[in-house]
Structure formats: C-alpha cells, structure tokens
Amino acid sequence: METKAVKEKSLEDGRAAMAACYQGFDPAAYLQYNYTPPRADFCRRDSIVPWKLGCLHRAFTEEDITGGVLVDVGSGPTLYQVLSGCEVFERLVLTDFLEVNRRELRGWLQEQGKSSLDWTPYLQHVCKLEGRGVSAWSEKAARLRAVVSDVLPIDVHCPQPLAPGALPSPGADCLVSSFCLESVSADLEAFTRALGHIGGLLRPGGHLLLIGALGESFYLGGPGVQIPVVPLDEAQVCGSLRESGYTLIRMEVYTLPPDMRVGVDDVSGIFFVKARKD
Ligand SMILES: C[S@@+](CC[C@H](N)C(=O)[O-])C[C@H]1O[C@@H](n2cnc3c(N)ncnc32)[C@H](O)[C@@H]1O
Ligand SMILES: O=[N+]([O-])c1ccc2c(c1)CN[C@@H](CO)C2
C-alpha cells in the first residue's frame, strides 16, 4: 500500500524529470519541425496547420464564445493558436513554463520581425478565413500586439498554475491550450490532474479550446531532445474532461497522412475539443 508521502514523492520526481527534459527545448528547432511545410502548407487542404486554424476560427466565431479574458496555456513559441481569438477578446494572456519561449513571444510582440518564424502566412490565412482578404494581415498583427497584456510563467502541475492575482477574480472567460498537457504529463492521471488545475483558471461556464496529440509517445523539442508524451486516445481525452469538470461540446479529429509523419514525433492523430466548464 503506497503511503501518501511516497505517492507525493514519486509525483514530485516525475515532474522534476519532465522539467529536466524541457531544459533542452529549442524554440527555433521546434518551430522548424512543426510549423513549416509539409505540416504548415497553406496550399494543401490536408496540411495540419490549416486544419487547426480552421477549427480555431470556427470555435472562436461561434456566438457562445464572447469577449473578456482569454488565456493560452503552454503557448510555447507559437502564436497561431490565438490569431482568431485575438479578434474576440479584449485581453489575452500568453503563458509558458520556459523563459526561452516567453522571450520568443515577447520578441515578436515587441518588435517587427524579431522572431524565429515568419508568422505572416499564418496571419494572412486567418484573415482569409475571416473573409477580410490577406492584405488585412498587418491589422491583425497590430490587434494581437494590442490585446496581449502579459506573457507569464505557468506550471500546469501546480494546483494554482499562475501566480496569485495574475487573472481577475472570476477567472478567465476562455482558455486555449495546444499540445501542452499531454506533452508535459508522465501519465493519464497527471494529464487529468493538470486539466483540473487549468480549469481553476476558468470561470464557471467559461470555454476550453484544447488541441492535442493522439497516440503520441514522444516528440523532438530540439536536436536530440526527445521529450516523452503520454499517448492518448479519444475516449481517454473525453473521460479526462468529464472527470475534471468539463462538459464536452464537440471533438474533431485529424488523422495524419503518411507524408505528415516527418520523424519529429510519432503522433498519429490530432484532436480539437471545445468544452465548457461546469
Ligand atoms: C509541445 S509544446 C506546445 C507549444 C504550443 N502550444 C504549440 O501548439 O505548438 C509544449 C509546451 O509546454 C511547455 N511546458 C513544459 N512544462 C510545462 C508545465 N509544467 N506547465 C505548462 N507548460 C509546460 C513547454 O515549455 C512547451 O512550450
Ligand atoms: O502537426 N502539427 O501542427 C504539430 C504541431 C505541434 C506538435 C505536433 C504536431 C505533434 N507533437 C506535439 C508535441 O507533443 C507538437
């Protein structure tokens, strides 16, 4: 029979091991692996990034998602996940565990062109989805820079993932999180716990937009930096959502065609979830 102290110790050891894996994370390499063609090919209907941007565009333009505060959990060095949400919310908080990623985000936010990836094609694609024409991309960039109020440290394994007082007291109106929870959790139990922790950042009735990997056991966070991932299937994601106090509104799934499997991970599918906090 495992005592509480032993269980706590093994939890702490697991988190420390995962944190150690992330010390080698290389934002520029990660962006190169996942956010350039073929995975980010805006001329291909079956490319992964356009699929993700379409899911986010649809979700953020549905009438049940209204303004206020949007928090992106585990932003990493990427901005694609908030390009639709930035039009709907007045305040956007980006977050990540690593200073290297927070620095990457601040670089783009503070200065034209100071980032490891050119986000212009992403801005243009989302403008097209919004029927604004691609030339509005610089307006969207200005809007994003205007609504991001903070780039904060976060740890989803903490019951309070953000520093006290980081958000207004009712909590955020909406959370978005992509490829974070399963990529930082040692097992399904930790994934579910983390889902509950971030739920504490959200007001009751608020929405969660969650993008994640299905069937993935590892990914490369940089050259030679192999990071373990808890392999999930759709049923486990739905069960974890239910267990951590969310009502599932819908789940959409993308199955990777062979040429999207480029050797930087062993992901087989991607889920997009829209859920509401009970
Ligand atoms: C696979 S990346 C996802 C990045 C981005 N959201 C995307 O969609 O590509 C996982 C992110 O989780 C962050 N992370 C690592 N440990 C974390 C923790 N304990 N709490 C929150 N985020 C963490 C990493 O720094 C990394 O940026
Ligand atoms: O295809 N993609 O757009 C894409 C983007 C990011 C990531 C993946 C796939 C799969 N691995 C995760 C880390 O667990 C990160």
Side-chain angles (χ1 to χ4, degrees), residues 11-12 14-27 29-42 44 46-53 55-56 71-83 94-105 117 122 151-162 175-186 190-191 193-195 197-198 201 209-222 225-232 254-257 259-272:
L11 276 182
E12 198 37 54
R15 288 174 203 164
M18 186 59 80
C21 285
Y22 273 97
Q23 293 322 302
F25 190 90
D26 176 339
Y30 174 78
L31 290 167
Q32 182 61 32
Y33 297 159
N34 293 293
Y35 292 102
T36 60
R39 291 185 163 186
D41 183 339
F42 296 99
R44 279 187 58 169
D46 66 343
S47 183
I48 304 177
V49 167
W51 178 83
K52 295 196 285 184
L53 293 175
C55 293
L56 289 161
V71 176
D72 177 25
V73 174
S75 307
T78 67
L79 291 164
Y80 73 92
Q81 63 274 22
V82 292
L83 296 183
L94 303 178
T95 71
D96 200 72
F97 183 70
L98 296 174
E99 172 55 21
V100 283
N101 286 328
R102 298 193 299 267
R103 188 180 313 124
E104 174 70 27
L105 294 172
L117 185 81
Y122 288 72
V151 181
L152 299 178
I154 192 166
D155 184 348
V156 298
H157 298 312
C158 293
Q160 271 207 2
L162 293 174
L175 300 182
V176 58
S177 185
S178 48
F179 298 116
C180 179
L181 303 188
E182 72 280 3
S183 307
V184 306
S185 299
F191 172 82
R193 235 188 346 268
L195 205 40
H197 293 161
I198 67 171
L201 301 174
L209 304 182
L210 188 66
I211 293 175
L214 293 171
E216 185 179 51
S217 68
F218 81 94
Y219 80 100
L220 292 183
V225 182
Q226 185 158 315
I227 296 176
V229 179
V230 53
L232 298 173
Y254 170 100
T255 301
L256 271 79
D259 64 351
M260 293 290 160
R261 297 169 196 241
V262 296
V264 297
D265 51 46
D266 62 350
V267 67
S268 60
I270 293 172
F271 66 83
F272 176 84

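As a basis for the values below, the full set of heavy atoms in this structure was taken, side chains included, without hydrogen atoms, waters or symmetry mates. Whatever order the structure lists ligands and atoms in, that order sets their numbers, starting from 1.
Set against the non-hydrogen atoms of Tyr219, the atoms of ligand 2 under 4.0 Å away are 13 (C), 14 (O). Heavy-atom contacts of Gly76 reach the following atoms of ligand 1: 4 (C), 27 (O) (cutoff under 4.0 Å). Within the listing of ligand 1, atoms 7 (C), 8 (O) sit less than 4.0 angstrom from a heavy atom of Tyr80. Less than 4.0 angstrom separates some heavy atom of Cys180 from each of these atoms of ligand 1: 12 (O), 21 (C), 22 (N). Ligand 1 places these atoms under 4.0 Å from at least one heavy atom of Tyr35: 7 (C), 8 (O), 9 (O). In summary, the atoms of ligand 1 found under 4.0 Å from a heavy atom of Ser178, numbered by their order in the structure, are 3 (C), 5 (C), 6 (N), 7 (C), 8 (O). Within ligand 1, counting atoms from 1 as listed, the ones closer than 4.0 Å to a heavy atom of Leu98 are 25 (O). For ligand 1, the atoms sitting less than 4.0 Å from at least one non-hydrogen atom of His157 are 19 (N), numbered in the order shown with element in parentheses. Of all atoms in ligand 1, listed by their number and element, those nearer than 4.0 Å to a heavy atom of Ile154 are 20 (N), 21 (C).
Atom 26 (C) of ligand 1 has as its closest protein heavy atom Asp96 OD1, 3.6 Å. In this structure, atom 10 (C) of ligand 1 lies nearest to the protein heavy atom Phe179 O, 3.4 Å.
For ligand 1, the polar-atom distance check against Gly74 finds a nitrogen or oxygen pair separated by under 3.5 Å. Any N or O atom pair closer than 3.5 Å counts here, and Ser183 shares at least one such pair with ligand 2.
Taking the side chain as every heavy atom from C-beta outward, Phe218 and Cys21 never approach each other to under 4.5 Å. Side chains of Leu181 and Ile198 form a contact here, defined as non-hydrogen atoms less than 4.5 Å apart.
Under 4.0 angstrom from ligand 2, the non-hydrogen atoms of Lys52 all belong to its side chain. Contacts between Glu216 and ligand 2 below 4.0 angstrom, taking non-hydrogen atoms only, involve the side chain exclusively. Contacts between Tyr22 and ligand 1 below 4.0 angstrom, taking non-hydrogen atoms only, involve the side chain exclusively. If you look at Ser75 next to ligand 1, the close heavy atoms, those under 4.0 Å, all belong to the backbone. With a 4.0 Å heavy-atom cut-off, ligand 1 is reached by the backbone of Val156 and by its side chain too. Only the side chain of Thr78 comes within 4.0 Å of ligand 1, judged by heavy-atom distances. Neither the backbone nor the side chain of Tyr80 comes within 4.0 Å of ligand 2, counting heavy atoms alone.
Classification of the Phe272-Trp51 ring pair by plane angle, with boundaries at 30° and 60°, yields perpendicular.
Closest of all the heavy-atom pairs between Asn101 and Pro27 is OD1-CG, 3.3 Å. The minimum heavy-atom distance between Met18 and Ser183, with the atom names listed, is SD-O, 4.0 Å.
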